[in-house]
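Written below as structure tokens is the structure these notes are about.
Heavy-atom basis, side chains included; hydrogens, waters and symmetry copies ignored. Counting starts at 1 for both ligands and their atoms, in listed order.
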Amino acid sequence: VIESVYARQILDSRGNPTVKVVLDTDDGAQGEGLVPSGASTGEAEAWERRDGDKSVYGGKGVLDAVKAVNDVIAPAIIGMDASDQRALDQTMIDLDGTPNKGKLGANAILGVSLAALYASAESADEPLYRYIGGTNGHVLPVPNMNIMNGGAHADFATDIQEYMISPYGFESYSRALQAGVEIYHTLKSTLKKAGLETGLGDEGGFAPKLNNNEDSLKYIMQAISDAGYEPGKQVGIAIDAASSEFYNKETKKYHFDGEDRDAAYMLDVYSKLVEEYPIVSLEDPFAEEDWENWQNIVARMGDQLQFVGDDLLVTNPKRLQKAIDLKAANSLLVKLNQIGSVSETLDAIELATRAGFTSMVSHRSGETSDTTIADLAVAKNTRQIKTGAPARGERIAKYNRLLDIEEELGSTAVYAGPSAFKRALA
Ligand code: PGA
Ligand code: ZN
């Protein structure tokens, strides 16, 4: 039974305020919920509540969301069973009363939802992945490691936001992680040798000035080989174009490599990249309301490749159902704070799985030390996770948590490997 709920304002990995919730139960368990935050957010995401007072933290304070937890949510849920996650989340959704958590704020609600989840796992004396997934959660996900950053996550910035390596052709998660880390370190030397900067973007990937979007892929291919691995056979490439960021809604053009391009041109660009590089995953190739071109690309290449909806789907079961009906994507990016509660996130994963979609559990560009997504990926056997480069503590925390889980599972741990993707060349 929930005895107390308390929120305070803390900082995320970009030094912006975010919400922390601490929840205590009468059996002495305590759970914490730390809320992440995006930069290239989808328009249909649940509402992230910010104070907006420009004189304080540039308007990014979350004291109103904190107050919503302490003054509105806490009195309504104290006395409830913390482990009745669904009832608890529903109570908060009803208390909010809007479709996008537009009254209390998704950052307020998710903080409480996560804190209750952790407290309940502690009461049950189970690690989080076991508590969420029961005994069936045993598959360690392929880490999609974002080793070159662009778009809204970096200064000089390619149009494409994320260039990830997917080390799938290995026996275990830990061995795959090692390969990813070695490639990342090799890439640093590769870039240095080419006279490029090796400063990091928000997700820990390198963010040099480049002439065009394809150059990143060339350097990454070089680094994979120089590190002693086989591109395609052992290591694939995953791209998040985050194209809503370079889409002009009025002209319906994509600003790419310095020119305004129409969707047909972009479709050809993607097709060519897929032909020339071992790309296993393509996220947000088209803008969040450009359903028609999503349909086109899935029709053209969906049988061999996963098209991940992030801004398109925003972890929202309703938008996901629309994409299923329209065949406008075939993979779900899973971000807890896009929808704003644990139960609804689990609903989205389940719906995706039933529709034959793959699921990739994801961090946000603004993160904390929270590692829930690592446990969630194992609990639900999603087979894929993306949580940045192997750099910056908030990214490493998730990769390290997966190492803990792998060792805890021992001989029952299975590495997802090439089976994670529709297209894996191993
Ligand atoms: P965001 O980026 O957290 O800034 O939205 C991550 C992504 O687009 O996948
Ligand atoms: Zn994305």
Side-chain angles (χ1 to χ4, degrees), residues 12-16 18 34-48 50 60 106-107 110 141 143-155 157-166 200-205 207 213 237-247 254 270 279-290 294 297 306-316 319-320 323 329-340 345 348 357-368 370 372-373 377 382 384-389 392 394-395 398:
D12 72 13
S13 58
R14 277 192 279 251
N16 292 328
T18 192
L34 311 183
V35 179
S37 173
S40 63
T41 48
E43 279 180 7
E45 290 191 23
W47 183 51
E48 180 181 72
R50 299 264 175 206
K60 291 186 185 292
N107 42 353
L110 180 63
N144 295 283
M145 305 166 84
N146 183 10
I147 60 176
M148 290 192 76
N149 294 182
H153 296 165
D155 282 340
T158 49
D159 306 306
I160 289 177
Q161 179 180 282
E162 305 178 10
Y163 298 86
M164 294 167 272
I165 46 170
S166 312
L200 304 185
D202 286 356
E203 297 189 348
N213 286 282
I237 292 177
I239 284 180
D240 179 6
S243 65
S244 297
E245 298 289 318
F246 55 88
Y247 181 65
Y254 291 87
Y270 295 131
I279 292 171
V280 294
S281 179
L282 189 43
E283 179 178 330
D284 285 352
F286 292 106
E288 56 205 337
E289 297 303 337
D290 195 355
W294 274 92
I297 200 166
Q306 72 176 20
F307 292 95
V308 187
D310 172 14
D311 291 351
L312 180 79
L313 304 177
V314 293
T315 318
N316 183 319
R319 288 182 70 95
L320 174 58
N330 59 15
S331 182
L332 172 72
L333 199 74
V334 179
K335 290 171 165 170
L336 287 145
N337 80 321
Q338 279 183 327
I339 187 71
T345 304
F357 277 39
T358 51
S359 296
M360 187 190 292
V361 182
S362 172
H363 64 160
R364 297 307 305 244
S365 51
E367 265 294 334
T368 68
D370 172 78
T372 307
I373 58 168
T382 63
Q384 301 183 39
I385 193 169
K386 73 165 189 177
T387 185
R392 305 184 52 134
E394 75 280 4
R395 317 291 148 187
K398 282 72 160 171

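- Atoms of ligand 1 lying under 4.0 Å from at least one heavy atom of Asp310, given by number and element, are 7 (C), 8 (O), 9 (O).
- Taking CD1 of Ile297 as the start and CG of Asn330 as the end, the distance is 10.0 Å to the nearest 0.5 Å.
- With a 4.5 Å cut-off on side-chain heavy atoms, Val314 and Glu43 do not count as touching.
- In this structure, Ser40 is part of the shell of residues with a heavy atom less than 4.0 angstrom from ligand 1.
- Using a 4.0 Å cut-off between heavy atoms, Ala39 contacts ligand 1 through both its backbone and its side chain.
- Side-chain atoms of Glu245 and Ser40 include no donor-acceptor pair closer than 3.5 Å.
- Among Glu245, Glu45, His153, the residue whose heavy atom lies nearest to atom 2 (O) of ligand 1 is His153.
- Just one residue in the list Leu282, Ile239, Ile279 forms a side-chain contact (heavy atoms from CB on, under 4.5 Å) with Tyr270, and that residue is Leu282.
- Aromatic ring centroids of Phe307 and Phe286 lie 6.0 Å or more apart.
- Between Leu333 and Lys386 there is a side-chain heavy-atom pair separated by less than 4.5 Å.
- In His363, neither the side chain nor the backbone holds a heavy atom less than 4.0 Å from any atom of ligand 1.
- Atom 6 (C) of ligand 1 has its closest protein heavy atom at Lys335 NZ, 3.3 Å.
- Using modelled atom types and a 3.5 Å distance limit, the side chains of Gln306 and Ser281 yield a donor-acceptor pair.
- A side-chain hydrogen bond (donor to acceptor under 3.5 Å, both in side chains) with His363 holds for exactly one of Lys335, Lys398, Arg395; it is Arg395.
- Between OD2 of Asp310 and OE2 of Glu283, the angle at the Zn ion (ligand 2) works out to 100°, rounded to 10 degrees.
- Atom 1 (P) of ligand 1 has Ser365 OG, 3.4 Å as its closest protein atom, hydrogens excluded (heavy atom only).
- Considering backbone and side-chain atoms together, Gly38 places no N or O closer than 3.5 Å to any N or O of ligand 1.
- Among protein heavy atoms, atom 9 (O) of ligand 1 sits closest to Lys386 NZ, 2.6 Å.
- By the criterion of a heavy-atom distance under 4.0 Å, neither the backbone nor the side chain of Asp311 is placed next to ligand 1.
- The protein heavy-atom contact nearest to atom 5 (O) of ligand 1 is Arg364 NH2, 2.7 Å.
- Counting heavy atoms from C-beta on, the side chains of Arg50 and Ser37 come closer than 4.5 Å.
- The side-chain heavy atoms of Thr18 and Asn107, taken from C-beta on, include no pair separated by under 4.5 Å.
- Looking only at N/O/S atoms, Asp240 comes nearest to the Zn ion (ligand 2) through OD2.
- Taking a cut-off of under 4.0 Å to the non-hydrogen atoms of Asp240, the atoms of ligand 1 that pass are 7 (C), 8 (O), 9 (O).
- Taking any N or O of Glu283, backbone or side chain, at least one lies under 3.5 Å from an N or O belonging to ligand 1.
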